[in-house]
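Because the structure is a prediction, the values reported are computed rather than measured.
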Amino acid sequence: EANHFDCEFRTSLMKQTEGHPLFTAEVLRVLRAQGNLVRDPEGCWIAHAPVDWALLPPRAAALIDERILFLPQEARRLLDTASVEGDEFTAEVLAHVHSLPTHTVIDLLSRELASKHNLVLALEPIDDGGAILSRYRFRHHWVRQYLYAHLDAAERAQAHKTIGQALEMHSQQPGRRSAGAPIQLAQHFELAKEHSKAISYWRLAGKQLAERGMLSEAIDSLTHALRLIPAEDLQKRFDLLFDREQLYDLTANRDGQTRDLAELQRLATVTGREDWRALVHLRRANLAETTAQYNIALTEARAAATFAQS
């Protein structure tokens, strides 16, 4: 029908439905029923209110339910686990999680779930440092969303943990690259409530991103890690704040840098750690010098030297 949808709406609609005609029609039907879409004076449809693109339309959910209802139990279990790994997933990880031979998993994915039921799509395998990874993706992200939503909290946490462990094991083998990406590991362990591991991988991600010059992304990773640190773990909090303060310095984010220095100073005072105080005064001297406050820089440098010698 005639419409005046803007580019942003069209892009979001295409991203949500992936161009699937039935899903596109269903989304538009729901948006009209909810009042998100109305006709303008010319009789053309326009977006009238903000759209929550995360919602799964009821008819789409019913269609997906029909598609998976009669799947063999083993195939359904693989799909459930795949929904936890992500829109794209690997046969080798599913094989590890379910203690199945990789060739059995590939056969179920390629023949049962791809060719017969058209729920997943085989992608080009990749060579990850000598290990060939058999990659797949869901035909539509709503299939993954539906499956993930039907797992209870305990099932999700356990699946995230076992997938994280499988990816971690793979990443620790010589020459491996993609399967053990720190951000992916951090996300899985965080969702599994394995916060200690999640913090370690968020910090590693920050380090690697900073080395590649992706400083804003590195800051985001360290910020994520800081949110997970228990209140009593002052050492880990100090270390991460110290790392992030230096990234704020490199990005000239003086407000963020000042906040982190204040928190670092508080931690040094609370713990009575004179080595921490020396480090904080040295970083404060750096900030003062960078902002042309040379008298303050000199005072801070002297304070750092005093605490370093005590």
According to a 4.5 Å side-chain heavy-atom criterion applied to Ile, Leu, Val, Met, Phe, Trp and Tyr, with indirect links allowed, do Ile296 and Leu287 form part of one hydrophobic cluster? no
Between Leu147 and Ile68, is there a side-chain heavy-atom distance shorter than 4.5 Å? yes
Any side-chain heavy-atom pair of Leu261 and Gln265 under 4.5 Å: no
Between Ile183 and Ile219, is there a shared hydrophobic cluster once you connect ILVMFWY residues whose side-chain heavy atoms come closer than 4.5 Å? yes
Using only heavy-atom distances, determine whether the side chains of Glu168 and Tyr201 contain a donor-acceptor pair under 3.5 Å. yes
Taking the side chain as C-beta and beyond, is there a heavy-atom pair between Leu282 and Glu300 under 4.5 Å? no
Locate the shortest heavy-atom distance separating Asp80 from Leu151; write the atom from each residue and the value. O-CD1, 3.9 Å
State, with a plain yes or no, whether a side-chain heavy atom of Leu267 is found less than 4.5 Å away from one of Glu263. yes
Parallel, tilted or perpendicular: which describes the rings of Phe89 and Phe138, with under 30° parallel and over 60° perpendicular? tilted
Would Arg77 and His98 count as having a side-chain donor-acceptor pair, cut-off 3.5 Å? yes
Nearest 0.5 angstrom please: Leu264 CG to Phe242 CZ, how far? 7.5 Å
When you look at CZ of Arg10, are more than 12 heavy atoms from neighbouring residues, nucleotides or ligands closer to it than 6.0 Å? yes
Under 3.5 Å donor-acceptor, Thr162 side chain and Ala159 backbone: yes
Could you verify whether a donor N or O on one side chain and an acceptor N or O on the other, from Asp65 and Tyr146, lie under 3.5 Å apart? yes
Take atom CD of Glu289 as the centre, draw a 6.0 Å sphere, and report whether it contains more than 12 heavy atoms from other residues, nucleotides or ligands. no
Any chance the side chains of Glu190 and Trp202 put a donor and an acceptor closer than 3.5 Å? yes
Less than 4.5 Å apart, side chain to side chain, heavy atoms only: is that true for Gln184 and His188? yes
Which atom names give the shortest non-hydrogen contact between Ala192 and Ala157, and what distance separates them? CB-O, 3.4 Å
Transitive ILVMFWY side-chain link Leu222 to Leu250, under 4.5 Å: yes
Just wondering, are more than 12 heavy atoms of other shown residues or ligands nearer than 6.0 Å to CG in Asn295? no
Looking only at the side chains, is there a donor atom on one of Asn253 and Gln257 sitting less than 3.5 Å from an acceptor on the other? no
The complete set of ring-ring contact (aromatic ring centres under 6.0 Å, His included) pairs with one or both residues in residues 261-305, sequence neighbours excluded, reads Phe238-Trp276, His281-Phe307
Residues forming a salt bridge (charged side-chain N to carboxylate O under 4.0 Å, His left out) with Asp249, sequence neighbours excluded: Arg254, Arg283
Mind checking whether Gln208 and Pro182 have side chains closer than 4.5 Å, heavy atoms only? yes
Hphob cluster co-occupancy, Leu109 + Leu121, side-chain heavy atoms under 4.5 angstrom: no
Identify the residue among Ile199, Asp233, Asp260 that makes a side-chain contact (heavy atoms from CB on, under 4.5 Å) with Leu240. Ile199
Would Arg144 pass as a cation-pi partner of Tyr148, given that its NZ or CZ must be under 6.0 Å from the six-membered ring centre and within 45 degrees of the axis? yes
Can you find a heavy atom in the side chain of Val120 that is under 4.5 Å from one in the side chain of Arg137? no
Assess whether atom CD of Glu211 is packed by more than 12 heavy atoms of other residues, nucleotides or ligands within 6.0 Å. yes
Modelled atom types, side-chain donor and acceptor of Thr90 and Glu92, under 3.5 Å: no
Taking a hydrophobic cluster as the set of Ile, Leu, Val, Met, Phe, Trp and Tyr residues connected by side-chain heavy atoms closer than 4.5 Å, whether directly or through intermediates, do Leu247 and Leu279 fall within one such cluster? yes
Taking side chain as C-beta onward, heavy atoms only, is Glu112 less than 4.5 Å from Pro72? yes
